[in-house]
Amino acid sequence: MLIKIVTFLSSIILLFTSSFALPEKSNVIVETLSDLSEFRSADELNGANGTRFYIHRPKAEKMTVVNASDFGLSEENEDNFSAFQSALDYCSQHPQTKLVINKGTYYFRSINGLDANNCTDLLIEGNDATFIFSETGYRFFIRNSDCVEIRNLNFDWNWEESPLASVVTIQNNNADSNTIELVFRNAEYCNENCRFMAITQCDPETFTFGAKLSSKENYLYQETDPIKSVEKISENTLRVTHNGCMDGFENGETYILRHYVYDGTIFSIRNASKNITFDNVSIFGSPGMAFICEDNCSHFQIINCFIGVKPEYKDKRSVSLCADAIHIVNTDGFFNISGCDISGMGDDAINVHDGLGYVSAVKSNTLTLTASAMRLKVGDTLAFKNDKFENTGLTAKIISVKDIDWITKEIVVEGLSESVTTGWTAYSMECNSSNYIIRNNYFHENRARGLLLQSSNGVCENNRFYKTMAQAIKVVMDIEPTLWQEGTGVDNLVIRNNTFEMCNYSDWGTVIEIGTNIAGRSAETSVFTNIEITSNTFKDVPSLVMKTNNVNGFVFKDNTIDSGTFFDDNKSKGRINFGKYCSNIIYTDNNFVDSGFLDVNKIVLADNIVVWAQINSQLF
């Protein structure tokens, strides 16, 4: 009877309702390889729907070899900054150099970051050496450079001087007095002068981010004076008096207390650098991120790399990085992340996007933008989306930029239409972080999301996702006016042959989510087009497999969904939800394992009645 009713509804609705036109895909970029220097080889990368690009690498046998020890790099030095910077300066002045580092452990205590500036055809051979940093901020810049490779080199944080994070268990929580006791897993980290930056519930057995079906946390640094006093009452216990921010924590729960959050980055690739390769680079610790790629850099790759807690320190360390692993913003795209093992971060594994500006005021030819991570340079052209987030076709050229505070900008432009008004958004037409490959990686056991994919022409395939705290993949256009503004839309994204196991562990969303957030509401249009999710396997799902909105042209095909028994059953477990602004949906040949009586998990939920009828009429 259900089959007949759904089929009848489908035919009636389709009789009176027309779908949006299926959008054409973006132009596929097919690069050619010509005039390659004798000092270079090139990796060919083949991406979504025929995209092809090349990343140049220096030929080791063609390089002139120098040793970093000749510039003073030594395990005996208290600080190796000056020595290694001298080596980098030499490489800048001498293209086609192979800089060799002898295996060993080297400490860096300078507040200054290493700077590979204006380097060409540079190969840095690390020989499994380890650099240990003690200061926050950017540690290693690559600027204005072309064809640089860093390989077989390790990076770590000086935990002995200042631990990045501690695992604590709650006891004697008293909401009446706003006091709580934190029992440290490692007594050596119990210090009444430690920094209280963020605290996140974790798995009490593995001490990894996120508890099963629970995601309590507090970003303490975002509050004003949240910690009133700290008293050490035993070798491994602190009594904390707070402003009420920890009242919801319960005795016996286990948390990761981060002492740093966004306090530094190992690598910053910028100033239009291109053909940059990191091969077999390990990053065991950072007070912030591992990589930031920005400022119109392009043709870069992170391959065969490890970002995670160093195995021999598993008993003492619970965190690798205190923020994202890889953050890609305002680049010119063409990148490859393959063969990597990434875990233990305090935020997302990979975030790919270009910045937006939220128009908070318009006066004559002057815009006030809330823009935390947007390219704003004199001479650049801005494009505008209206309050429904529809493309308007309107543009304006930047004449001047003035910082009001860290997030507020005053922009004088020419050619501004009178239509532009408060609540619209602006983005730069001078950057585009599209054309990318994310392949054969292992993403696991980190706070927040696995991948934030907010740019076009991407392929995400053959990856394993395990026990991410929140969504394994999120395709989003996200505007929180006082915090961040990310994503200008996605076209032509392929997600295939991946495995998702115990993802969304804390039930902080869904396993895959596609949608928009514009100051707390959804865009009233389709801003994502031509997205394919095919031949993936989903295991042990806590609730919805996927929530999708604002998409025109979507394929969900040949996927296997085994909602499993690890999480308790609920009415949404294993289901798919399509929102109001969806059209041209293909949903077919998906296999549900143990889907229950009458295959109830196959029933797709949809706010759009046309989509609901189209899909459910085909499922029985």
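Numbers here are sequence positions counted from 1. Everything numeric here is computed off the predicted structure, so don't read it as measured data.
No side-chain N or O of Gln85 forms a donor-acceptor pair with one of Asp115 less than 3.5 Å apart. At a cut-off of 3.5 Å, with distance as the only test, a side-chain donor of Ser162 or Tyr260 sits close to an acceptor on the other residue. No hydrogens or angles considered: nothing links the side chains of Glu135 and Asn112 as a donor-acceptor pair under 3.5 Å. At a cut-off of 3.5 Å, with distance as the only test, a side-chain donor of Tyr219 or Arg258 sits close to an acceptor on the other residue. Between the side chains of Thr277 and Glu149, not a single donor N or O lies within less than 3.5 Å of an accepting N or O. Ser34 and Thr32 form no side-chain donor-acceptor contact under 3.5 Å, judged by distance and modelled atom types alone.
Relative to the six-membered ring of Tyr138, Arg270 meets both conditions, a distance below 6.0 Å and an angle of at most 45° to the axis. A cation-pi arrangement, defined by a distance under 6.0 Å to the six-membered ring centre and an angle within 45 degrees of its axis, is absent between Arg139 and Phe155.
Between Phe108 and Phe81, a ring centre-to-centre spacing not shorter than 6.0 Å is recorded.
Glu44 CD: more than 12 foreign heavy atoms inside a 6.0 Å radius. Heavy-atom neighbours of Glu76 CD from other residues, nucleotides or ligands within 6.0 Å: at or below the threshold of 12.
By the salt bridge (charged side-chain N to carboxylate O under 4.0 Å, His left out) test, Arg464 pairs with Glu501, sequence neighbours left out. Not counting sequence neighbours, Glu75 has no partner by the salt bridge (charged side-chain N to carboxylate O under 4.0 Å, His left out) test.
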